[in-house]
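Quick note on labels: first sequence line is chain A, next is B, and so on, each numbered from 1. When reading the values below, keep in mind they use all heavy atoms of this one structure, side chains included, and skip hydrogens, waters and symmetry mates.
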Amino acid sequence: MEPSSLSGLPAGVGEALEAEGVAELYPPQEAAVEAGVVDGESLVAAVPTASGKTLIAELAMLSSIERGGKALYIVPLRALASEKKAEFERWEEFGVTVGVSTGNYDSDGEWLASRDIIVATSEKVDSLIRNGAPWIDDLTCVVSDEVHLVDDSHRGPTLEVTLAKLRRVNPGLQTVALSATVGNADVIADWLDAELVESDWRPIELRTGVHFGNAIEFDDGSRREVPVERGADQTAELVADALDTEEDGQGGSSLVFVNSRRNAESSARKLTDVTGPRLTGDERDRLRELAEEIRGVSDTDTSEDLADAVEEGSAFHHAGLASEHRSLVEDAFRDRLIKCVSATPTLAAGVNTPARRVIVRDWRRYDGEFGGMQPLDVLEVHQMCGRAGRPGLDPYGEAVLLASDADTREELFDRYVWAEAEPVRSKLAAEPALRTHVLATVASGFAATREGLLSFLDNTLYATQTDDEGRLAAVTDTVLDYLDVNGFVERDRDGGSEGLAATGIGHTVSRLYLDPMSAAEILDGLRTVADGADDEGAAGDFVPADGAGPAPDAGAEADADDSGFTTYTRADEEGGDPAAEAGEPDAAAAPAVTPLGLYHLVSRTPDTYELYLKSGDREEYTEVCYERETEFLGDVPSEYEDVRFEDWLAALKTARLLEDWANEVDEDRIAERYGVGPGDIRGKVDTAEWLLRAAETLARDVEGVDGDTVVRVREARKRLEYGVREELLDLAGVRNVGRKRARRLYEAGIESRADLREADKAVVLGALRGRERTAERILENAGREDPSLDGVDPDRSASAAATAGADADGDGDGQASLGDFG
DNA sequence: CAGGTTGGTGTATAGACAGCATGTC
DNA sequence: CTATACACCAACCTG
């Protein structure tokens with residue numbers, strides 16, 4: 001079938017596709033057309049990666065737009081959103097407009113309502129629905145990319161509920177779901193009332209095999225000799241073999257999947273021995289430039305190690321990298337400059353980074369809950385293997401699993417090569433998932449009664465799949481109790497049916513996109529500093545009669561409610577009286593609100609991913625816990641009796657990381673001190689910023705919380721945003737002034753935006769190390785009337801003072817030098 | 001005796017979405 | 001609990 005023979009697309013699109021080189025639709029695409037994608041028919045396409053799924057989606061969206069509609073493309077990752085946007089923008093010449101909306105990025109600042117195609121993450125779509133984005137009603141086509149992720153226990157329910165809501169709002173909606181090949185695509189199709197196109201067809205041949213001893217055995221029966229000398233590294237030999245096999249005039253790149261960050265880093269280091277000697281002079285030059293760019297992203301060891309490897313044509317890739325690191329590596333790998341990437345699963349599901357050869361080195365991964373090594377899911381391994389074969393570059397792709405003995409070889413064939421991926425199973429019927437979605441469903445008006453709620457939930461994949469009719473209802477009731485007790489919903493049990501409505505605070509929580517449990521924790525913490533609670537309520541705050549937690553209000557009813565909530569939140573433990581032992585601060589009045597207290601408050605919510613407590617950390621943070629006891633908002637669990645204590649310490653570790661960041665401790669010191677990468681630091685800071693912004697909003701709704709507390713919350717948040725101490729907040733707010741420049745200016749005596757407008761230009765220039773253009777921009781951004789620095793000589797003393805400060809901070813003991821700042 | 005080898009022990013372990021209003025060194 | 005890599009350290013061997 002030729003693209004130009006398709007009807008229903010905007011004029012010229014078919015021809016444009018042919019001009020792109022799509023002379024003929026791929027078989028799965030043709031099957032999709034036959035199933036009616038261009039006629040508004042819903043469809044589930046379960047086909048391998050890189051077999052033209054995106055074009056199926058484009059055909060659906062473009063034909064829908066041609067009929068006067070509007071399309072939404074849901075992606076699982078933010079990084080994919082921009083990738084897809086760029087891809088879809090080639091239709092702009094046919095009058096089709098594209099917009100993106102993700103948590104950290106909205107396109108162009110233009111109204112999404114005017115866009116024909118909107119690309120967004122599932123959470124963002126969920127949030128937009130909750131906040132009543134007007135264009136949701138106008139959608140005629142929704143595409144869900146990687147829909148098999150409904151299986152994910154954390155994020156799957158969001159996708160599932162979001163699709164159910166979109167379909168509820170708009171009954172005629174065309175739903176196109178793109179999935180990897182999974183065990184039960186038919187069930188997904190059933191759920192979405194969609195046609196099913198299922199296929200193993202790939203445009204580039206993929207051979208999957210297992211290497212053991214001196215050869216790879218492939219699934220098609222072929223065999224390739226790759227000898228491994230005794231003591232030599234199996235992975236290295238396979239990477240070398242791919243590089244030495246020229247197709248298209250060049251050796252093939254490899255992608256190595258390993259099971260931990262550390263393994264990714266050490267693998268990349270080892271593989272430099274393979275890639276380094278095979279580089280051309282020109283490649284070396286370009287790689288050196290790239291390495292410099294990488295070093296420029298961050299000052300951490302991680303950054304340095306990555307740059308060192310990259311200079312030799314090898315790289316690692318995992319979530320500890322800063323996002324700039326990641327894209328630099330991905331781009332250079334796609335450009336064939338980096339020959340080999342050792343990666344954790346980040347790369348299996350992320351942006352498109354194909355390689356000639358994929359090597360799955362580790363097929364088991366440590367699972368803390370399980371307490372040992374668990375084999376990877378078949379689907380996950382298939383996704384990794386699917387990265388083999390670069391369209392247009394390789395005549396074939398090879399995926400190789402590594403076995404160290406004959407038994408393992410057989411196991412790998414059985415478990416992964418011949419096996420079908422697991423069936424997808426909805427994870428909706430779990431409390432954490434339902435807690436947030438039940439509230440949102442009620443708050444955004446999708447259900448006004450318990451029955452209405454259950455009937456809405458009947459449109460989910462879970463309902464389609466389950467045999468256990470009562471389970472969803474049972475969990476829903478548990479969750480409704482929780483939401484009721486915490487004051488997020490009101491129930492009206494009059495008559496036969498039970499009415500449901502979100503309270504004011506319930507609406508706020510839903511719109512803020514908070515997990516209700518996070519909101520409860522934050523509210524609980526804020527109430528401990530509410531005025532009403534200080535004096536009369538102080539005793540009640542810290543020594544609850546029933547050991548259940550703070551009781552902010554004097555009223556008997558409120559007491560009952562709050563103790564109920566607290567008990568419920570921590571339902572997994574013994575009652576006891578945790579607060580009495582360790583958690584009873586001396587403070588008679590409400591504690592002063594400190595940044596650490598606030599950072600701890602948001603760090604202990606379920607919306608923050610916990611930092612791992614290493615050996616020795618327990619002791620260290622227990623000590624900190626006592627030293628800074630008065631700063632915590634809420635009762636401290638008992639060190640000896642309370643299983644929550646461990647989590648409390650983990651949150652404290654996170655809070656300390658945030659505090660360090662806000663105290664201008666250098667990135668590399670933080671990385672070292674907490675055993676994290678630059679990407680983790682950014683991630684933690686972002687999350688905390690987001691939660692503190694939510695806390696600020698919530699604080700306004702808590703009775704008794706004064707304006708001063710709100711200001712402290714805002715200040716703690718802004719200090720995270722800029723990564724500075726209090727005295728630099730004003731300066732750091734000036735564009736082009738970050739934590740480093742602000743500190744240098746401050747040391748030179750320029751302490752505020754106003755100072756910038758009036759200060760001696762020579763001093764400014766000196767503090768900024770003589771960078772004229774930068775200094776001019778900063779002066780301009782500070783609102784100075786005459787920012788020009790023509791003929792100004794930098795004041796050396798300003799520069800010297802600033803440099804001394806920065807150096808001490810960088811090299812010496814961070815804590816000691818920070819004393820100078822305070 | 002310096003310097004290297006071997007072997008036992010201890011430790012640690014993947015990923016990443018959301019709000020809001022604009023920009024690091 | 002199930003694995004594996006690595007850092008660390010001590011006992012041991014060798015030129």
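- Computed from coordinates, the A/Glu293 CD to B/dC25 C1' distance equals 14 Å when rounded to whole Å.
- Residue A/Val713 is tested with A/Val602, A/Thr697, A/Leu598 for a side chain to side chain contact (heavy atoms under 4.5 Å, CB included); the sole match is A/Leu598.
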Subject >> Intermediate values then yes/no, salt bridge (charged side-chain N to carboxylate O under 4.0 Å, His left out), A/Glu620 and A/Arg673 >> reply: CA-CA 12 Å; A/Glu620 182 183 347; A/Arg673 195 176 288 169; over 6 Å; no
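- Heavy atoms of A/Val125 sit nowhere under 4.0 angstrom from any nucleic acid atom.
- The distance from atom OG1 of A/Thr687 to atom CG of A/Leu720, rounded to the nearest 0.5 Å, is 10.5 Å.
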**OP:** Whenever both distances are under 3.5 Å in a Watson-Crick or G-U wobble pair, mark it; put DNA chain B into dot-bracket that way, with [ ] for crossing pairs and | when the partner is on another strand.
**Re:** |||||||||||||............
Original post:
Could you run down nucleotides 9-17 of chain B 5' to 3' and tag each one B, S or - for protein heavy-atom contact under 4.0 Å?
Top reply: ---SBBBBB
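- The separation between A/Trp690 atom CH2 and B/dC20 atom C1' is 13 Å, rounded to whole Å.
- For the pair A/Ile74 CD1 and B/dA18 P, the computed distance is 12 Å after rounding to whole Å.
- With A/His507 contributing its side chain and A/Ala443 its backbone, the two residues share a donor-acceptor pair below 3.5 Å.
- A gap of 38 Å separates the C1' atoms of C/dC1 and B/dA18, to the nearest Å.
- Contact of the A/Met373 side chain with the A/Asn259 side chain is registered, since non-hydrogen atoms from C-beta on lie closer than 4.5 Å.
- Protein atom CG of A/Asp233 is 14 Å distant from nucleotide atom C1' of C/dT4, rounded to whole Å.
- Whole-Å rounding puts the A/Arg735 CZ to B/dC25 P distance at 14 Å.
- At least one side-chain heavy atom of A/Leu601 sits under 4.5 Å from a side-chain heavy atom of A/Arg604.
- When atom types are taken as modelled, the side chain of A/Asp299 and the backbone of A/Glu667 share no donor-acceptor pair closer than 3.5 angstrom.
- The shortest distance between side-chain heavy atoms of A/Glu646 and A/Leu613 falls below 4.5 Å.
- Distance from the side chain of A/Arg744 is smallest to B/dC25 among C/dC6, C/dT4, B/dC25.
- Computed from coordinates, the A/Leu720 CG to B/dC20 P distance equals 18 Å when rounded to whole Å.
- Within 4.0 Å of A/Arg364, counting heavy atoms only, lie sugar-phosphate atoms of the nucleic acid but no base atom.
- Sequence order on DNA chain B of the closest nucleotides to A/Asn736 and A/Glu689 puts A/Glu689 first from the 5' end.
- Inter-residue side-chain proximity for A/Arg741 and A/Arg744 is flagged as met; some heavy-atom pair is nearer than 4.5 Å.
- Residue A/Glu721 contributes atom CD, which lies 10 Å from atom P of B/dT22 at whole-angstrom precision.
- At the heavy-atom level, A/Gly683 lies nowhere under 4.0 Å from the strands shown.
- With rounding to whole Å, A/Asp686 atom CG is found 12 Å from B/dC20 atom C1'.
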